[in-house]
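In what follows, residues are counted from 1 in the order of the sequence shown.
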Amino acid sequence: MKNRVEQLDGLRGIFAVLVIAHHHNAFKESIFYNNFFVINASLFVDFFFVLSGFVIALNYVDRIHSTGDFLTFLKKRFIRLYPLLFYTEVVFVLANLLGEHSPLKNVGGMGLSYYLYTSLDALTFMGSSTVFGGWISNNYPSWSISAEMISYVVFGLVVLTLPRFKYAAFAVIGLLSAIFIYSRGEYLLAYDYGYVRGLLCFSLGIFTQRLLSRKTYQLSAFEIPFLLLMVAAMYIVHQWDLNLWKLVFPFIFSIGIVIFASSAGIVTQMLNSKPFQYLGKISYSIYLNHAIVLIFINIVLFRFLKLPENEVMFALSLLSSIGLTILYSHFTYELVEKRVGKFLRDNWR
């Protein structure tokens, strides 16, 4: 198998856009939010975790043999994640401080100490844990970047210290994570124990890669049935309020990765097209940029311009937020992810 499966990049791009729709929730009774699909689109974060485990295992599961290898691995992952994480936190803090003294104020009465403390939580990759408390990050989607980095550290340590028993260790980690989530009675852990949710999904991604490394499949016929299964599962857990049954979604996403990594069907061809590939390429920027864009658009439309709060305006708000996020993410991808990342790679010896 190649070190990259392009159609999965396209799928990640689409899901990143759907997360924007999920967080477009200022008007919760709007038909553009108040439906089972958008309300449960937060589950696509779990797809990102499973896909990350798959990709990291594909590239590193047999390449960490020494402490030097482990540190090099962590350095590469840090350089990949940190520039944009740092940039978006700074933007959020500045925007919120401006808001403290602005007639367009969005968050009030918190002050510099709160913003700096929550930024410390995010910028030390502790935003999905209780190390500094269960703070909601300034850039609230960034908790998952903490969970991602913690998963990288755990992965590297397991591969380094238990090379012969790594898959048994990942199985134990995944099982213990599922048990912990069940014991909490809540699947959508984020700012307190989100790293546990991340470890469960990441571990499944590792086993997904192992399965695909052993056998080649031809699964084009299962593309549409999988998508129908995923949507049906989202409907069922929503309709009957089956919170803990959301534990099935990492497994559903794992199945989806197997199918689309083994497919050449019409959906795969669409995902491999340039527009969807580009969405996948900038999906990290889309994910970390969209919250500030949502806030900005709603302030402009409904506080500054004082547009009426109706479904047409909510649709305009959503479409504007998606379009502006993609445009903005093009520039942060080029200027922050690529250029700052290259600078760090070239100068961090």
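Counting heavy atoms from C-beta outward, Leu189 and Phe180 have side chains that approach closer than 4.5 Å. Side chains of Ile255 and Phe222 form no contact here, defined as non-hydrogen atoms less than 4.5 Å apart. Side-chain contact between Val5 and Phe54 is present, with heavy atoms from C-beta onward closer than 4.5 Å. Looking at heavy atoms from C-beta onward, Glu334 lies in side-chain contact with His330 at the 4.5 angstrom threshold. In this structure the side chain of Lys76 never reaches within 4.5 angstrom of the side chain of Tyr152, judged on heavy atoms. When side chains are defined from C-beta on, Leu160 does not count as touching Asp69, because their heavy atoms never get closer than 4.5 Å. Counting heavy atoms from C-beta on, the side chains of Leu11 and Phe260 come closer than 4.5 Å. Here the side chains of Phe70 and Thr161 are not in contact, with every heavy-atom distance at 4.5 Å or above.
Remark: Lys342 NZ is loosely packed, at most 12 non-hydrogen atoms of other residues, nucleotides or ligands lying under 6.0 Å away. In Tyr182, the OH atom is not crowded: 12 or fewer heavy atoms of neighbouring residues, nucleotides or ligands sit closer than 6.0 Å. Heavy atoms from other residues, nucleotides or ligands lying under 6.0 Å from CZ of Phe343 number 12 at most. In this structure, Tyr235 places its OH atom where only 12 or fewer heavy-atom neighbours from other residues, nucleotides or ligands lie under 6.0 Å away. Counting non-hydrogen atoms of other residues, nucleotides and ligands closer than 6.0 Å to CD of Gln218 gives a total of 12 or fewer. In Ile179, the CD1 atom is crowded: over 12 heavy atoms of neighbouring residues, nucleotides or ligands sit closer than 6.0 Å.
The backbone N or O of Tyr187 sits less than 3.5 Å from a side-chain atom of Asn243, completing a donor-acceptor pair. No donor-acceptor pair under 3.5 Å is formed between the side chain of Glu223 and the backbone N or O of Ile259. Looking at Tyr284, its side chain does come within 3.5 Å of a backbone N or O of Leu81 through a donor-acceptor pair. Not a single donor-acceptor pair under 3.5 Å links the side chain of Ser329 to the backbone N or O of Ile326. Of the possible donor and acceptor atoms, none in the side chain of Tyr333 sits under 3.5 Å from a partner among the backbone N and O of Ser285. A distance-only check finds a donor-acceptor pair linking the side chain of Ser129 to the backbone of Met126 [under 3.5 Å]. Of the possible polar contacts, none joining the Asn139 side chain to the Phe92 backbone as a donor-acceptor pair under 3.5 Å is found. No side-chain donor-acceptor contact under 3.5 Å links Asn25 to the backbone of Lys28. The main-chain N or O of Leu294 is never found under 3.5 Å from a side-chain atom of Ser321 such that the two would form a donor-acceptor pair. A donor-acceptor pair is defined here as one N or O able to donate and one able to accept, closer than 3.5 Å; such a pair exists between the side chain of Thr88 and the backbone of Leu85.
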Audit row: His23, Tyr140, ring-ring contact (aromatic ring centres under 6.0 Å, His included) steps and yes/no: CA-CA 10 Å; His23 284 143; Tyr140 49 86; 5.1 Å; yes
Step-by-step ring-ring contact (aromatic ring centres under 6.0 Å, His included) determination, Phe125 to Tyr82: CA-CA 9 Å; Phe125 294 111; Tyr82 206 74; 5.6 Å; yes
Met270 vs Phe276, side chain to side chain contact (heavy atoms under 4.5 Å, CB included): CA-CA, chis, key distance, verdict: CA-CA 7 Å; Met270 179 191 74; Phe276 292 103; 3.5 Å; yes
Check against side chain to side chain contact (heavy atoms under 4.5 Å, CB included), Tyr167 and Val61: CA-CA 10 Å; Tyr167 290 109; Val61 76; 3.6 Å; yes
Residues Ser317, Asn298; criterion side-chain hydrogen bond (donor to acceptor under 3.5 Å, both in side chains); working and verdict: CA-CA 7 Å; Ser317 171; Asn298 282 337; 2.6 Å; yes
Stepwise side chain to side chain contact (heavy atoms under 4.5 Å, CB included) check, Phe37 with His238: CA-CA 9 Å; Phe37 186 76; His238 176 80; over 6 Å; no
Evaluation steps, side chain to side chain contact (heavy atoms under 4.5 Å, CB included), between Phe314 and Glu29: CA-CA 11 Å; Phe314 299 155; Glu29 298 307 312; over 6 Å; no
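Residue Leu327 comes nearest to Phe331 through the heavy atom pair O-CD1, 3.3 Å, listed as atom of the first residue, atom of the second, then distance. The minimum heavy-atom distance between Phe44 and Met230, with the atom names listed, is CE2-SD, 3.8 Å. Nearest heavy atoms, Ser30 versus Glu311: OG-OE1, 2.9 Å. Minimum heavy-atom separation, Ala221 to Pro225: O-CD, 3.4 Å. Heavy atoms only, all atoms of each residue included: Lys166 and Pro163 are closest at NZ-O, 3.0 Å.
Ring pair Phe73/Phe155 is tilted by interplanar angle, where 30° to 60° counts as tilted.
Transitive grouping of hydrophobic side chains (ILVMFWY, heavy atoms separated by less than 4.5 Å) brings Val293 and Val300 into a common cluster. Both Leu188 and Phe249 are part of a single hydrophobic cluster, where members link through side-chain heavy atoms under 4.5 Å apart. Under a hydrophobic-cluster definition in which Ile, Leu, Val, Met, Phe, Trp and Tyr are linked whenever side-chain heavy atoms come within less than 4.5 Å, directly or via other members, Val90 and Leu123 are assigned to the same cluster. In terms of hydrophobic clustering, with Ile, Leu, Val, Met, Phe, Trp and Tyr side chains grouped at heavy-atom distances under 4.5 Å, Leu301 and Phe304 are assigned to a common cluster. Under a hydrophobic-cluster definition in which Ile, Leu, Val, Met, Phe, Trp and Tyr are linked whenever side-chain heavy atoms come within less than 4.5 Å, directly or via other members, Leu228 and Val237 are assigned to the same cluster.
We find the CG-CD distance between Leu271 and Glu6 to be 11.5 Å, quoted to the nearest 0.5 Å. A distance of 11.5 Å separates CD1 of Ile252 from CG of Leu204, quoted to the nearest 0.5 Å. With rounding to the nearest 0.5 Å, the separation of CD1 in Ile286 from CG in Asn289 is 8.5 Å. Here the CG-CG distance, from Leu316 to Asn310, works out to 10.0 Å after rounding to the nearest 0.5 Å. Atoms NZ and CG, from Lys246 and Leu242 in turn, are 9.0 Å apart once rounded to the nearest 0.5 Å. Taking CG of Leu200 as the reference point, atom CD1 of Ile181 lies at 5.0 Å (rounded to 0.5 Å).
Side-chain atoms of Gln7 and Ser263 include no donor-acceptor pair closer than 3.5 Å. Donor-acceptor pairing under 3.5 Å is recorded for the side chains of Ser146 and Ser128. Under 3.5 Å, the side chains of Thr332 and Glu337 contain no donor-acceptor pair of N or O atoms. Checking Ser137 against Asp121 by side-chain atom types alone, no donor-acceptor pair falls below 3.5 Å.
Of the options Phe251, Phe49, Phe47, a side chain to side chain contact (heavy atoms under 4.5 Å, CB included) to Cys201 is made by Phe49 and by none of the others.
With a 6.0 Å cutoff to the six-membered ring centre and a 45° limit on the axis angle, Arg184 does not count as a cation-pi contact of Tyr193.
The pair Arg197-Asp46 meets the salt-bridge criterion, with a side-chain N (NZ, NE, NH1 or NH2) lying under 4.0 Å from an Asp/Glu carboxylate O.
Phe302 has its ring centre less than 6.0 Å from the ring centre of Phe27.
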